[in-house]
Colleague: 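Here it is: the structure, laid out below.
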Amino acid sequence: MSFKDNYQAEFARAAEKAFPVAYPDTPSSNLNAESIFGMLGLPKDHKMGRFCLPVFRFAKELKTKPPEIAQELCDAMNDILAAESSDIRCEAVGGFVNARIDPANMARSTLSDILEQGERFGLSDEGKGQTTLVEYSSCNIAKPFGIGHLRTTIIGNSLRLIFQKLGHTVVGINYLGDWGTQFGKLIVAYRLWGEGLDLTENAVEKLYGLYVRFHKEAEDNPELDEQAREAFKQLEEGNAEEQKLWERFRTLSLKEFERIYALMGIEFDWITGEAFLNDKMEPVIERFRKAGLTSISRGAEVVDLHDEQLPPLLLRKADGATLYATRDLAGLLYRWDTWYFSLMLYVVATSQSDHFKQVFKAVDLLEQAEGIPEEERASARVAHVDFGWVKFMDTATGSAQMMSTRKGNIVFLEDVIAKAKALARERILQRNPDTEDIDKTAHMIGVGAIVFSQFMAKRQKDISFDWDQVLSFEGETGPYLQYTHARLCSLLRHYEAEVPSAFDPAYLGGEEEQRVVELLYDFPRALHDAAGNFDPYYIGTHLLKLSAAFNKVYQRKDEQGKIDKIISEDHAERTQARIVLVKAVQTVVGEGLRLLGIPAPQQM
RNA sequence: GCCCCCGUGGUGUAACGGAUAACGCGUCGGCCUCCGGAGCCGGAAAUUCAGGUUCGAUUCCUGACGGGGGUACCA
């Protein structure tokens, strides 16, 4: 997953050779290209160079002031680099050796690559032979799709695409919450108040109403909870009546979820659920027993994790019923047997972090006890991709609040989509009423705004769901990226001819163009950052930089204060070079948006 | 009580232990006889506090204060 920049590697090799030249008497300890590569950083301002080597750490050993070292090293490196006719040149500034790349050569190679490879730019085969599982969305049957499920759905969907791009065989898993005591509650509620309901329409909404009512009434009538436990027990034991109800709830819910996934462009490779594991838990519990890892505590059968500073993992409750941890264990082992994955990601909120620690640890103890070597253990290949809360900004009180599905305090994703789409449509009619298929485009923009709102911060951070922010189309938003893409497409239409295959990079030597080229070159790195951190945020933020850099070129003015147009009939060759740049940016922005799960309209 | 995460301008967020702390929104002031102004340019404005490690700390360590989460028979 690590990403090796060729220029940086070349620079590091030159530095390795330069040290003995500049300081022949110093036993430059541990100084090889590898370690120097690791020391490289980014200049504070990209105008200072592509990357840099801080030399402060050598001052003590060399008994020399950092600026002097930088200068000596820089001179020696430039000699070496020049002799190798490298594209890199160094510059000493303070205690740093800054690297500059020949802009024309970098533009030529980067743009040719993108033109040639198209949307395959950044594609890699490094994940070849590796199977990566991503579990995400995992919404609960009989509960509406609220914005609480937005983050896991969007992050997971994007990770699936990102790992595919890196050559992995990816299995996107939707692990539905279709089992558990909640269904006992629902069954009881349905029998009490739901028999007459017409569930052919808005089934989820109606079932959810029953669920909320159950919780309200159970507050005054604890006996309901008792009934719910009993109903779930019946369900788990395979009682036909309860089974039938459950199946009906499940089918109706799934139908509705599929509609919403289609609206959002979310895809899965395997839709399963907790119930799928019903017959797979007992053998797993037996395996734990055999390994000597189970004990009875307060009537429940548990895996003690006291030594790991974790609460015990409950395999069976005192009444014999299983829990979600039991199912997660069985699920993990089932998937391991089925795919022998190299990596499995659980995209689940951070509030469940202890739960996953327990499950992973329990599996680890099991594999240890069974004598499975470390590199063959499933427990070494799983990760909890956690993320912060989506808090709901209550405009009435101005404070962020948690949403609770039990209390019925929830924002429906479908309402959010509809609202975003309506606003986008208004905007299109007002700005570009000639847009083809306004309805479809408005939908793309609405979805783009919603999806990108989840990439506003790194996943670990809480984000507050704020209507104003999600429906904002300006600044660092999905629609800004989409707008940039549409504008690029517009330029290509305007150019009318084919994008030239040959161009003179000398025309792209301006500071603004150079910056765009650099960011294009860095796209694969952003891809690796996203994969390595399990966070598409890094792609989002990179696309924002790239778009901003291009928009700067686009609106640049000449000495007379007039816009320096991309397309100019008086400068055919310059126009060719610029159109190549436009095509490359459009390709990368479009592909980046795809990886985030955001549609890229050609006009809007 | 114990464990985990988080404290950066008015606000939402950035910043491999490195150079003058970056960007969006908001705010103030500019830019189209327009290749798409959903854009671009420029102001004002910030690292919770106290120690420590380091040549160098927003970043690492300790403590305080503040916020959030978790803490076995829900998921």
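A note on names: the letters A, B, ... follow the listed sequences, proteins ahead of strands, and every chain is numbered from 1. In this text the structure is predicted, and so the values were computed from the model without any measurement.
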Colleague: Going by distance alone, is a donor N or O of one side chain under 3.5 Å from an acceptor N or O of the other, for A/Gln182 and A/Lys185?
Modeller: no

Colleague: Can you name the one residue among A/Tyr175, A/Phe356, A/Phe534 that meets ring-ring contact (aromatic ring centres under 6.0 Å, His included) with A/Tyr346?
Modeller: A/Phe356

Colleague: When we call it a touch if two heavy atoms are under 4.0 Å apart, what does A/Leu313 touch: a base, just sugar-phosphate, or nothing?
Modeller: nothing

Colleague: Using a distance-only criterion (donor-acceptor N/O pair, under 3.5 Å, no hydrogens), is the base of B/rG12 paired with the side chain of A/Gln469?
Modeller: no

Colleague: If you check every side-chain atom of A/Asp462, which of B/rG36, B/rC35, B/rG68 has the closest atom?
Modeller: B/rG68

Colleague: Select base, sugar-phosphate, or nothing to describe what A/Lys565 touches, counting heavy atoms under 4.0 Å on all strands.
Modeller: base

Colleague: If I take atom CZ in residue A/Arg574 and atom C1' in nucleotide B/rC35, what distance separates them, rounded to the nearest angstrom?
Modeller: 12 Å

Colleague: Please work out if A/Ile563 contacts a base, only the sugar-phosphate, or nothing of the nucleic acid, heavy-atom cut-off 4.0 Å.
Modeller: base

Colleague: Just checking A/Ser297: base, sugar-phosphate only, or nothing, at a heavy-atom cut-off of under 4.0 Å?
Modeller: base

Colleague: How far, in whole Å, is B/rG39 from B/rU54 if one measures between their C1' atoms?
Modeller: 45 Å

Colleague: When all nucleic acid strands are considered with a 4.0 Å heavy-atom cut-off, which category describes A/Lys357: base, sugar-phosphate, or nothing?
Modeller: nothing

Colleague: What is the nucleic acid contact for A/Ala325, judged by heavy atoms within less than 4.0 Å: base, sugar-phosphate only, or nothing?
Modeller: nothing

Colleague: Base, sugar-phosphate alone, or nothing: which one does A/Thr181 contact when heavy atoms must sit under 4.0 Å apart?
Modeller: sugar-phosphate

Colleague: Between A/Tyr480 and B/rC40, does any side-chain N or O lie under 4.0 Å from OP1 or OP2?
Modeller: yes

Colleague: Report which part of the nucleic acid A/Arg327 touches: base, sugar-phosphate, or nothing (heavy-atom distance under 4.0 Å, all strands).
Modeller: sugar-phosphate

Colleague: Checking all strands, does A/Asp354 fall into the base, sugar-phosphate, or nothing category for heavy-atom contacts under 4.0 angstrom?
Modeller: sugar-phosphate

Colleague: With sequence neighbours excluded, what pairs up with A/Tyr507 under the ring-ring contact (aromatic ring centres under 6.0 Å, His included) test?
Modeller: none

Colleague: One pair to check against side chain to side chain contact (heavy atoms under 4.5 Å, CB included): A/Leu53 and A/Leu73. What are the steps and the verdict?
Modeller: CA-CA 10 Å; A/Leu53 176 67; A/Leu73 200 58; 4.0 Å; yes

Colleague: With nearest nucleotides of RNA chain B determined for A/Arg298 and A/Trp179 from heavy-atom distances, which residue corresponds to the more 5′ nucleotide?
Modeller: A/Arg298

Colleague: Listed by chain and number, what are the salt bridge (Lys or Arg N to Asp or Glu O under 4.0 Å) partners of A/Glu68, not counting sequence neighbours?
Modeller: none

Colleague: Do the side chains of A/Lys552 and A/Glu511 get close enough for a salt bridge, i.e. N-O under 4.0 angstrom?
Modeller: no

Colleague: What about A/Ser490, does its side chain sit under 3.5 Å from the base of B/rG36 through a donor-acceptor pair?
Modeller: yes

Colleague: Determine: side-chain N/O of A/Lys552 to OP1/OP2 of B/rC40, distance under 4.0 Å, yes or no.
Modeller: no

Colleague: Give a yes-or-no answer on whether the side chains of A/Glu236 and A/Thr322 include a donor-acceptor pair shorter than 3.5 Å.
Modeller: yes

Colleague: Tell me every residue that passes ring-ring contact (aromatic ring centres under 6.0 Å, His included) with A/His542, counting only those two or more places apart in sequence or in another chain.
Modeller: none

Colleague: With heavy atoms under 4.0 Å as the rule, sort A/Ser351 into base, sugar-phosphate or nothing.
Modeller: sugar-phosphate

Colleague: Kindly compute the distance separating NZ (A/Lys440) from CZ (A/Arg425), expressed to the nearest 0.5 Å.
Modeller: 14.0 Å

Colleague: With a non-hydrogen cut-off below 4.0 angstrom, is A/Gln460 in contact with a base, only sugar-phosphate, or nothing?
Modeller: nothing

Colleague: Keeping to residues at least two apart or across chains, list the salt bridge (Lys or Arg N to Asp or Glu O under 4.0 Å) pairs with something in residues 480-496 of chain A.
Modeller: none

Colleague: If you check every side-chain atom of A/Gln555, which of B/rG39, B/rA75, B/rC35 has the closest atom?
Modeller: B/rG39

Colleague: For nucleotides 25-29 of chain B, which of its nitrogen or oxygen atoms have a protein nitrogen or oxygen under 3.5 Å away, and what is each distance?
Modeller:
none

Colleague: Under 4.0 Å, heavy atoms only, any strand: does A/Glu274 hit a base, just the sugar-phosphate, or nothing?
Modeller: sugar-phosphate

Colleague: Between B/rA14 and B/rU53, how far is it from one P atom to the other, in whole Å?
Modeller: 31 Å

Colleague: Would you say the side chains of A/Tyr211 and A/Asn140 form a donor-acceptor pair under 3.5 Å?
Modeller: no

Colleague: Need to verify one output field. Residue with the more 5' nearest nucleotide on RNA chain B, A/Ile566 or A/Val302?
Modeller: A/Ile566

Colleague: Using nucleotides 14-22 of chain B, report all nitrogen or oxygen pairs with the protein that are shorter than 3.5 Å.
Modeller:
| unit_1 | atom_1 | unit_2 | atom_2 | d |
| --- | --- | --- | --- | --- |
| B/rA14 | OP1 | A/Lys458 | N | 2.9 |
| B/rA15 | OP1 | A/Lys458 | NZ | 2.7 |
| B/rC16 | N4 | A/Met39 | O | 3.3 |
| B/rA19 | OP2 | A/Lys44 | NZ | 2.9 |
| B/rA19 | N7 | A/Lys44 | N | 3.4 |
| B/rA19 | N6 | A/Asn98 | OD1 | 3.0 |
| B/rA19 | N1 | A/Asn98 | OD1 | 3.2 |
| B/rA19 | N1 | A/Asn98 | ND2 | 3.2 |

Colleague: Pick base, sugar-phosphate or nothing for A/Leu323, based on heavy-atom distances below 4.0 Å to the nucleic acid.
Modeller: sugar-phosphate

Colleague: Assign A/Tyr495 to base, sugar-phosphate, or nothing according to its heavy-atom contacts below 4.0 angstrom with the strands shown.
Modeller: nothing

Colleague: The side chain of A/Asn140 is closest to which nucleotide in this list: B/rA75, B/rG69, B/rG37?
Modeller: B/rA75

